K.L.:
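Pasting a structure below so you can have a look.
When a residue number appears, it is its place in the shown sequence, counting from 1. These numbers come from the heavy atoms of this one structure, side chains and all, not from hydrogens, waters or symmetry mates. As the structure is a prediction and not an experimental result, all values here were calculated from the model.
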Amino acid sequence: AWKLTAGDSSVVIQVVDSGVDLRHEDLALALWRNPGELNCADGIDDDANGYVDDCWGYNHALDQGGPALLGSSSHGTHVAGVIAAAANNKLGIAGVGGGGKRSDKNSGVGVGGGVGDFEGLADQAEQPEAAAAA
């Protein structure tokens, strides 16, 4: 399968789970980044989508963005890793999506996190700027 494709960097997959560890070494290159948020810790909704600091997704359970994506357990990080962990880096596993969207070959899948209530996620997904951000 890897001879046919190593993933598509335009694909963004939302993981709705307990949260994603933004510092995980196998996910660092695969994390989706909201281009509308200029500063991820300034408390300002730069892209005016109703979600403050939703740089890598949003924690709807805590109603906050930024580092709040870690959540209450590591299950979301595990799920994100199965999807998009970096390949060929001699660490951990290789995600099924090719991993590492910012790699030299620009391959892989971007992962954004979403934690918490599904009503909030649905609301955010209805906004064009945030469709892939939750």
Side-chain angles (χ1 to χ4, degrees):
W2 295 120
K3 290 181 181 179
L4 296 175
T5 183
D8 181 343
S9 64
S10 68
V11 174
V12 177
I13 299 172
Q14 176 182 359
V15 174
V16 181
D17 205 307
S18 62
V20 175
D21 182 354
L22 301 175
R23 301 160 302 180
H24 195 284
E25 59 192 3
D26 250 358
L27 295 174
L29 294 177
L31 291 173
W32 175 84
R33 170 76 162 75
N34 180 354
E37 288 293 338
L38 306 176
N39 181 326
C40 300
D42 62 2
I44 297 172
D45 181 14
D46 297 309
D47 59 2
N49 68 355
Y51 299 95
V52 175
D53 296 334
D54 60 325
C55 294
W56 300 278
Y58 199 77
N59 185 328
H60 291 275
L62 297 176
D63 195 25
Q64 59 186 315
L69 284 182
L70 185 53
S72 60
S73 77
S74 61
H75 189 266
T77 300
H78 173 80
V79 171
V82 169
I83 297 166
N88 299 319
N89 66 351
K90 299 179 183 174
L91 299 171
I93 64 170
V96 296
K101 76 174 188 170
R102 292 183 296 181
S103 66
D104 293 338
K105 295 183 180 179
N106 199 30
S107 64
V109 177
V111 176
V115 181
D117 77 79
F118 294 101
E119 186 176 310
L121 292 169
D123 176 56
Q124 189 175 10
E126 289 175 7
Q127 299 179 33
E129 308 84 33

K.L.:
Return the CH2 to CG distance between Trp56 and Leu31, rounded to the nearest 0.5 Å.
P.N.:
8.5 Å
K.L.:
Quick check for you: to the nearest 0.5 Å, what is the distance between His24 atom NE2 and Leu91 atom CG?
P.N.:
9.0 Å
K.L.:
If you look only at distance, which donor and acceptor atoms sit under 3.5 Å apart when one is on a side chain in residues 75-84 and the other is two or more places apart or in another chain?
P.N.:
residue, atom, partner, partner atom, Å
His75, ND1, Asp17, OD1, 3.1
His75, ND1, Asp17, OD2, 2.7
Thr77, OG1, Asp21, N, 2.8

K.L.:
Hey, could you give me the CG/CG distance between Leu38 and Asp45, rounded to the nearest 0.5 Å?
P.N.:
10.5 Å
K.L.:
When rounded to the nearest 0.5 angstrom, what is the spacing between CG in Asp47 and SG in Cys55?
P.N.:
8.5 Å
K.L.:
Do side-chain atoms of Asn89 reach the backbone of Asp26 as a donor and acceptor pair under 3.5 angstrom?
P.N.:
no
K.L.:
Checking Asp53 against Tyr58 for the side-chain hydrogen bond (donor to acceptor under 3.5 Å, both in side chains) test, could you report, in this order, the C-alpha distance in whole Å, the side-chain angles of both residues, the deciding distance, and whether it holds?
P.N.:
CA-CA 8 Å; Asp53 296 334; Tyr58 199 77; over 6 Å; no
